Each structure stands twice: as structure tokens, then as C-alpha cells.
Engineer: 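Could you have a look at this structure, given as C-alpha cells, before my questions?
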Protein chains: 2
Amino acid sequence: MMEVKSKGQQVSRREEILDKAARLFKQKGYVATTMREIAEQVGMEAASMYNHIRSKEELLEEICARVAETYVNQMNEIESSDLSPIHKLQALIRSHISITTKNIHWISVANNEWRHLPETSLKTFKKARDTYEDRLAEIIRSGIDCQELAEVHVSIALYTILSSLRWIETWYKPNKAYNAKDLEENIVNILMNGLKKSG
Amino acid sequence: MMEVKSKGQQVSRREEILDKAARLFKQKGYVATTMREIAEQVGMEAASMYNHIRSKEELLEEICARVAETYVNQMNEIESSDLSPIHKLQALIRSHISITTKNIHWISVANNEWRHLPETSLKTFKKARDTYEDRLAEIIRSGIDCQELAEVHVSIALYTILSSLRWIETWYKPNKAYNAKDLEENIVNILMNGLKKSG
DNA sequence: CCTACCGATCGGTAGG
DNA sequence: CCTACCGATCGGTAGG
């Protein structure tokens with residue numbers, strides 16, 4: 001449910017193209033990835049892909065749109081819960097890390113290649129992202145107001161949190177000295193104790 | 001001295017090309033930026049630029065190399081100081097933020113476009129980056145050993161710090177509600193208090 | 001520093 | 001799903 005890409009053995013040809021594209025877009029960047037390279041990964045000629053997709057841009061659009069939707073769904077769930085601000089924030093961080101480690105290629109593309117979206121979907125994506133940030137900022141603000149959080153500058157705290165989370169896709173490798181749970185515990189610890197009012 | 005790009009009124013044509021290129025590379029990405037666009041910003045024909053530079057790749061190489069050098073110089077200074085680990089870490093974070101806000105385009109390009117470097121300079125860049133990370137990790141490790149820092153996972157702490165700093169170039173705008181000093185204070189606060197041993 | 005131009009490669013289409 | 005192919009654009013060179 002919090003998976004960006006579809007699962008199961010029998011995925012459609014279209015899903016396969018999307019997933020191979022996401023991997024290549026992450027690895028080489030959207031502009032530097034050619035349709036011929038994607039086709040090679042899928043195992044067909046470049047021209048044949050156009051029976052399943054409309055354009056290269058459409059691939060990027062779908063990847064970004066699904067990622068945005070996943071984040072919004074997560075935010076909806078947590079925001080409507082009855083947790084206190086600090087616990088909402090904590091839940092969001094955990095959920096964010098979990099989504100990222102599970103869909104690392106897709107998230108990476110949405111985070112780094114969205115500026116190459118064509119105008120209409122670019123606008124939509126930016127709006128979704130801005131709304132997400134506003135809602136997270138509101139949670140931080142509430143936390144400060146009810147004295148659960150230290151009196152940091154809201155937008156600096158916001159971006160410090162998002163930065164720490166967004167960069168997971170850059171350096172996280174599942175086969176490291178720590179697993180996704182360790183990652184979660186450590187990051188939550190560093191961020192939350194830094195934000196928590198000590199006095 | 002900690003400036004990546006050269007200052008002064010009378011910069012050479014080459015420096016002008018490099019700086020315009022850095023701005024465009026940050027804005028559109030290296031691959032999506034054309035030599036014709038850079039030329040237009042400089043005010044000449046694309047072909048004319050080749051009297052000042054060798055290739056498009058050379059522009060990226062020089063930008064990345066200068067940024068890497070700046071960071072290494074900064075690390076050398078702080079590492080050889082007689083500060084305690086926690087104060088070294090703090091000094092590094094402050095210096096890092098200062099360098100970033102002063103050379104935002106160049107730093108952004110080095111952080112996001114380095115993978116498009118040609119093989120030889122790619123190797124050099126990666127090595128410089130890895131060494132930098134190792135040295136920073138060593139500072140964190142010392143801080144944990146002498147009980148100045150909490151017992152976090154070193155590499156997770158390392159990347160959480162670097163992430164928070166690297167993303168400044170994405171969202172920092174000098175004309176915001178806070179200036180570079182505010183930014184410094186707030187980030188140092190969030191990160192350090194999260195790392196500092198509370199007991 | 002410009003005009004003229006080139007080989008390579010790109011995203012995408014026609015037609016089967 | 002493939003073969004054949006096209007218009008556009010790219011980084012870069014020749015020659016002045």
C-alpha cells in the first residue's frame with residue numbers, strides 16, 4: 001500500500017519499462033538516459049516501447065506522480081491521527097525512511113529529476129511538494145507552540161529534517177553494516193533529540 | 001581564500017564562462033545545458049568559447065576540482081587545529097555552511113553533476129570525496145570515544161550531517177526570513193544537540 | 001571572435 | 001514487436 005511500484009510476479013510490460021527507466025534515470029540522470037538504453041534493459045527495440053508508452057517524458061511524469069501520491073497518502077494518514085505533534089513528526093520520519101528504502105530508485109528520480117518534467121506536470125508536482133512541506137511545517141509549528149519542540153526556526157528545521165531523509169536514497173545500500181531499522185532508529189534519534197526541548 | 005570562484009571586477013573571459021556555466025549547470029543540469037546557452041549568457045557565439053576552453057567536460061571538471069579543493073583546504077585547517085572533537089565538528093559544520101552559501105552555484109554543481117565527469121576526473125573526484133568523508137568520520141569517532149558525542153552509528157551520523165549541509169544549496173535563498181548566520185546557528189543547534197550526550 | 005558546417009546521436013514515426 | 005528512417009539538435013572544427 002505504501003509501495004510506489006506494483007509488485008507480484010506478472011507485471012505488465014508497461015510496469016517493466018517504468019521500473020527499468022527509474023533505475024536508469026537514477027543512475028545516469030533523466031536527460032543522459034536514452035530510450036535505446038531503456039529498451040535494451042527491457043529487451044526490445046526502442047521503437048517497440050512506443051506501443052506501451054507515449055513518450056520519454058511520460059515515464060518521468062508517471063514516476064514522479066506516483067511518488068508524490070505515496071507521500072501525500074502517508075501525510076494524510078499521520079495528520080489525521082490523534083498523535084501529539086512530536087509523535088506525528090516522529091511517525092512521519094519513520095514512515096518517510098521506510099518508503100524511501102523500499103522504493104529507492106523511484107524516490108531518487110522524483111527527488112532529483114523532477115525539474116525535467118514538462119510544464120503542466122511540473123506545476124502539479126511542485127504544488128504537491130509545496131503543500132507537503134507546508135503541512136510538515138505546520139506540525140513542527142504546533143510542536144513548538146505546545147513546547148514539545150525547541151524554539152528552532154521552523155523552515156530551517158523543516159529542511160534539515162527533509163534533507164536528512166532525502167539523502168538516504170543517495171548513500172543507503174541495504175547490504176551495509178546496518179539495516180533499515182538501524183537507519184530509522186539512528187536518524188530519528190539524531191533528529192529528535194536535537195529538536196526536543198532539553199529543559 | 002575560501003572562495004571557489006575568483007573575485008574582483010576584471011575577471012578573465014575564461015572565468016566568466018566558468019561562472020555562467022556553473023549557474024546554468026545548477027539550474028538545468030549539466031547534460032541539459034548546451035554550449036549555445038552558455039555562450040549566449042557570456043555574449044558570444046558557441047564556437048568562440050573554444051578559444052578559452054577545451055570542451056564542455058572541461059568546464060565541469062574545473063568546477064568540481066575547485067570545489068573539492070576548497071573543502072579539503074577547510075578540512076586540513078580544522079583537522080590540524082587543537083580543538084576537541086566536538087568543537088572540530090562544530091567548526092566544520094559552520095565553515096561548511098559558510099562555503100556553501102558563498103559559492104552556491106559551484107557547490108551545487110559539484111554535488112549534483114559530478115557523475116557526468118569523464119573517467120579520469122571522476123576517479124579523482126570520488127577519491128577526494130571519500131577521503132573527506134573518512135576524515136569527518138574519524139572526527140565523529142573520536143568524539144564518541146572521548147564521550148563528547150552520543151553513541152550513534154558513525155556513518156549514519158556522518159551522512160545525516162552531510163545531508164543537512166549539502167541540501168542548503170537546494171533551498172537556501174539569501175533573501176529569506178533568515179540570513180546565513182541564522183542558518184548556521186539553527187543547523188548547528190539542531191545537529192549538535194542531537195549528537196551531544198545529554199546525560 | 002564569427003560564419004559555415006559536420007558527424008553523431010537523440011526522441012519519435014511509418015508501415016508492416 | 002521489428003526494420004527503416006527522419007528531422008532536430010548537439011558538441012565541436014575549419015578557416016579566416
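Keep in mind that what you see is a predicted model, and the values were worked out from it rather than measured. Every chain is numbered from 1 and lettered A, B, ... according to where its sequence line falls, protein lines coming before strand lines. Values below: every heavy atom of this structure, side chains too, minus hydrogens, waters and symmetry copies.
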Engineer: Could you check how far CD of A:Glu58 sits from P of C:dG11, rounded to whole Å?
Structural biologist: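 After rounding, the reported distance stands at 15 Å.
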Engineer: Quick one: B:Glu40 CD to C:dC2 C1', roughly how many Å, whole number?
Structural biologist: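 Distance, rounded to whole Å: 16 Å.
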Engineer: Between A:Met49 (CE) and C:dG12 (C1'), how many Å, whole number?
Structural biologist: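 After rounding, the gap between these two atoms is 11 Å.
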Engineer: Report yes if at least one side-chain N or O of B:Arg13 is closer than 4.0 Å to OP1 or OP2 of C:dC1; otherwise report no.
Structural biologist: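 For C:dC1, OP1 or OP2 has a side-chain N or O of B:Arg13 closer than 4.0 Å.
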Engineer: Taking the minimum atom-to-atom distance to the side chain of A:His52, which one of D:dC1, C:dG11, C:dG12 wins?
Structural biologist: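 Closest nucleotide to the A:His52 side chain: D:dC1.
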Engineer: Pairing donors with acceptors under 3.5 angstrom, does anything connect the side chains of A:Asn76 and A:Arg135?
Structural biologist: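 Present: a donor and an acceptor within the cut-off.
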Engineer: Do the non-hydrogen side-chain atoms of B:Glu133 and B:Tyr159 ever get within less than 4.5 Å of each other?
Structural biologist: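 Yes. Closest side-chain heavy atoms under 4.5 Å.
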Engineer: Working to the nearest 0.5 angstrom, can you tell me the gap between A:Leu191 CG and A:Leu89 CG?
Structural biologist: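 It is 8.5 Å, given to the nearest 0.5 Å.
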Engineer: In whole Å, what is the span from the CG atom of A:Leu24 to the P atom of C:dC10?
Structural biologist: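 So the CG-P distance, A:Leu24 to C:dC10, works out to 13 Å.
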Engineer: By nearest nucleotide on DNA chain C, pick out whichever of B:Ala46 and A:Thr34 is the more 5' one.
Structural biologist: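 Going by which nucleotide is closer to the 5' end, it is B:Ala46.
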Engineer: Taking the side chain of B:Arg36 as its heavy atoms from C-beta onward, which of D:dC2, D:dT13, C:dC5 lies nearest to it?
Structural biologist: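 Among the listed nucleotides, the one closest to the side chain of B:Arg36 is C:dC5.
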Engineer: Rounded to whole Å, how long is the line connecting atom CD1 of A:Ile38 with atom C1' of D:dC1?
Structural biologist: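 The distance from CD1 of A:Ile38 to C1' of D:dC1 comes to 17 Å, rounded to the nearest Å.
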Engineer: With respect to the side chain of A:Met35, which nucleotide from C:dG11, D:dG11, C:dC1 is positioned closest?
Structural biologist: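 My answer, after comparing the listed nucleotides, is C:dG11.
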Engineer: Let's see if you can work this out: which of D:dA4, D:dC1, C:dC2 has an atom nearest to the side-chain heavy atoms of A:Ala47?
Structural biologist: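 Of the options given, the side chain of A:Ala47 lies nearest D:dA4.
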Engineer: For B:Glu45 and C:dA4, give me the distance from atom CD to atom P, rounded to whole Å.
Structural biologist: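 From B:Glu45 CD to C:dA4 P: 11 Å.
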Engineer: Which whole-number value in Å describes the distance from A:Glu57 CD to C:dG11 C1'?
Structural biologist: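 Rounded to whole Å, this separation is 10 Å.
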Engineer: For B:His52 and B:Ser48, which heavy atoms make the closest approach, and how far apart are they?
Structural biologist: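 B:His52 and B:Ser48 have their closest heavy atoms at ND1-O, 3.8 Å.
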Engineer: Kindly assign one of parallel, tilted or perpendicular to the pair B:Tyr30 and B:His116, based on the angle between their ring planes and the thresholds 30° and 60°.
Structural biologist: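 B:Tyr30 vs B:His116 ring planes: parallel.
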Engineer: Which nucleotide wins on minimum distance to the side chain of B:Lys56, given the candidates D:dC2, D:dG12, C:dG11?
Structural biologist: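 Nucleotide nearest to B:Lys56's side chain: D:dG12.
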Engineer: Rounding to a whole Å, what distance do you find between B:Tyr50:OH and C:dA4:C1'?
Structural biologist: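 Rounding to the nearest Å, OH of B:Tyr50 and C1' of C:dA4 are 16 Å apart.
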Engineer: Please give the nucleotide sitting opposite D:dC5 as a Watson-Crick or G-U wobble pair, both distances under 3.5 Å, or none.
Structural biologist: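 The base-pairing partner of D:dC5, which may sit in any strand shown, is C:dG12.
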Engineer: Look at the side chain of A:Met44 and decide which nucleotide, out of C:dG12, C:dC1, D:dC2, has an atom nearest to it.
Structural biologist: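 Side chain of A:Met44 sits closest to D:dC2.
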Engineer: Among C:dG11, D:dC1, C:dC1, which nucleotide sits nearest the side chain of A:Asn51?
Structural biologist: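 Side chain of A:Asn51 sits closest to D:dC1.
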